[in-house]
Protein chains: 2
Amino acid sequence: MKSLVSKIESNLPQLSEAERRIGEYIIERPDAVPHMTTKELSEKSGVSEASIIRFCKSIGMGSFKTFKLALLKDVTLMDTNLTDFSVLQQKDSPYDLFHKIIHVNKSAIESCADSMDRKELAKAVEALKEAEKLVFFGVGGSSTAAVDAQYKFTKLGYHSITSLDFHYMLSLIPHLTEKDVFVAISTSGKTKDVLELSRFAKKRGAKVIALTNINKSPLYKEADIRLCTPNVEQDFRIGSISSRMTQLTVIDTLYMSMFHHIGEKVVQKYYDARKEMESLRR
Amino acid sequence: MKSLVSKIESNLPQLSEAERRIGEYIIERPDAVPHMTTKELSEKSGVSEASIIRFCKSIGMGSFKTFKLALLKDVTLMDTNLTDFSVLQQKDSPYDLFHKIIHVNKSAIESCADSMDRKELAKAVEALKEAEKLVFFGVGGSSTAAVDAQYKFTKLGYHSITSLDFHYMLSLIPHLTEKDVFVAISTSGKTKDVLELSRFAKKRGAKVIALTNINKSPLYKEADIRLCTPNVEQDFRIGSISSRMTQLTVIDTLYMSMFHHIGEKVVQKYYDARKEMESLRR
DNA sequence: TGCAGAATGAAATTAAATTTCGTAATATGA
DNA sequence: TCATATTACGAAATTTAATTTCATTCTGCA
């Protein structure tokens, strides 16, 4: 049995101008179409709504709705890896953007699997297991990951520190020892603040874990342990919205691994914290 | 990831009479439902059309249409039968966990599409367009999203504020006016700190946008605009690692929409900021 | 050149989804 | 116990989407 998309593809030559335009759009973005209305699809493919209906009939579907359902079924089974698309188009509505972002973020997380080195990950987990203090540092977009990590590891009972303030960090690092871990977060691996603090921490004897894009950046080279995130595409104008997702996925992994390790010991404390929270009704 | 049908099944006891009737019918004939209209389904299950809509919202879907699409996907996949998995198993290596987390986070982002209401999203974007000050507030795991949002909107040139400190926020809110927007972030929608500040902000006349799970929580009810995230499963011991991903996806959407709106005006400023950063070699 | 016939989109119509609103039932609390 | 919320629900109104109708344009051919 032929898939609906390939059926459209093979019917393309027989279709009229307007219908072919529709078909081409559908082939391009089959995953997006089931969520659309005739109006949207007509705008996207540059034809009238009436033509959409005619198109559906042409390829043997009773109605636009039936067609959408059939297409969704098709796409679900196909499990196609959709390739790229440009994030910004002038006519995009917020809802369009929303779906694009879902797609982009999903793919970003998916590609995490490619860039991660399993040995480095194991080393990172070992280092964390033995760590006394954990220091996270990232600036700009990477501060999100630092804040998140700090919160999570505090929940696990770690002495876990982060700050956005370079000078605060500067005053903190002299107190680090070989038992401590400094997690440097920088997508590019070139951020000067992050590099300087990493070097300083390393000089103090702390283990430096770099959470950075997979490339041979200074941070990558200088770190003791490298947790690499994929080189997700980024729009030069807006920066990457997705690199943060990849960083957080790695943080989640570290968190879950540590939870796994010390897990049962802290469960009771989680309960206590939650119960206390409830009694304070917060 | 639980299937939608089994999710409905387990939610059944919590639903009201009419909604339970609907749920029971869906469990009985899940394959038939995607092709039905609200009218048909209401007749089959012996309730009103309005209840159908309410049912969809109750189980975490933005609309009847998205529900049908999700159900179809579910039914389609049921044949190919992907089994779910529990996140924690004793033998899991960090690398195993990593892959599981990739999977879980991906699914969480994917299911964002189901819970988002397109009208509410449009309303949120409109509100942001006209806003003077933006205030973000979230505690615990939700603070990540607040921090991220604050950073992003500052980059866009907004007067954008967040803090983890309840008392700081308390002193800030009296200065809000009708022109300002307060974005309340709480997965459960019940966090007392968030609720109290939202109410206060609303009393001051600010527009309150809730970024919360789709459920009928106090925050959901009281907000002017509701941006709903899906009810991702969470381990009672570790809390949800994924709800943050869904929140960030919504933040990304708002950010991109605003960028889209005021976009070209700020591009030059982005360049300036980057050039300055480079000249400072940071 | 002018006519038949196909292709197309704008506007009208029909159908479906969603919201609003009033009522009844049930919980809450003084 | 009685007043007061709160909740659940369906009927009707409204909004939104799908489909049909119909006028216009284009194309090929006598």
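Naming convention: chains lettered A, B, ... in sequence-line order (proteins, then strands); numbering from 1 in each chain. The shown structure was predicted, so the numbers you read here are calculated from the model rather than taken from an experiment.
- B:Glu49 comes within 4.0 angstrom of a nucleotide base, judged by non-hydrogen atoms across all strands.
- In this view, B:Phe153 and B:Phe136, B:Tyr158 satisfy the ring pair (Phe, Tyr, Trp, His ring centres under 6.0 Å) rule, not counting sequence neighbours.
- When the side-chain nitrogen and oxygen atoms of B:Lys68 are compared with OP1 and OP2 of C:dA17, one or more of them lie within a distance under 4.0 Å.
- The distance from atom NZ of B:Lys39 to atom C1' of C:dT18 is 15 Å, rounded to the nearest whole Å.
- Cation-pi geometry between B:Lys152 and B:Tyr255 is met: the NZ or CZ atom falls under 6.0 Å from the ring centre, inside 45° of the normal.
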ask   = Is there a salt bridge (charged side-chain N to carboxylate O under 4.0 Å, His left out) between B:Lys106 and B:Glu110 once you walk through the steps?
value = CA-CA 6 Å; B:Lys106 248 180 61 188; B:Glu110 205 161 34; over 6 Å; no
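- The side chain of B:Ala18 approaches D:dG10 more closely than any other nucleotide in the set C:dT8, D:dT19, D:dG10.
- With 3.5 Å as the limit, one finds a donor-acceptor pair spanning the side chains of B:Glu49 and B:Thr38.
- Applying the 4.0 Å criterion to OP1 and OP2 of D:dA18, one finds that A:Thr38 has a side-chain N or O inside that range.
- Residue A:Ser16 has a polar side-chain atom (N or O) positioned under 4.0 Å from OP1 or OP2 of C:dT8.
- Dashed line: the shortest gap from a side-chain N or O of B:Thr37 to OP1 or OP2 of C:dA16 is not under 4.0 Å.
- Taking atom NZ on B:Lys57 and atom P on D:dA8, their separation rounds to 16 Å, with Å as the unit.
- Nucleotides of DNA chain D nearest to A:Arg54 and B:Lys119 differ in position, and the one nearer the 5' end is that of B:Lys119.
- Closest to the side chain of A:Ser51, out of C:dT8, D:dT21, C:dT18, is C:dT8.
- Remark: P of D:dT19 and NZ of A:Lys65 are 7 Å apart, rounded to the nearest angstrom.
- In this structure, CZ of B:Phe55 is placed 17 Å from P of C:dT19, rounded to the nearest angstrom.
- Contacts of B:Ala50 with the nucleic acid, taken as non-hydrogen atoms under 4.0 Å apart, include base atoms.
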inquiry  = A:Glu17 vs A:Arg21, test: salt bridge (charged side-chain N to carboxylate O under 4.0 Å, His left out). Steps then yes/no.
reply    = CA-CA 6 Å; A:Glu17 165 67 15; A:Arg21 292 244 284 286; 2.9 Å; yes
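- Among the atoms of the strands shown, only primed sugar atoms or phosphate atoms (P, OP1, OP2) are found under 4.0 Å from some heavy atom of B:Ser63.
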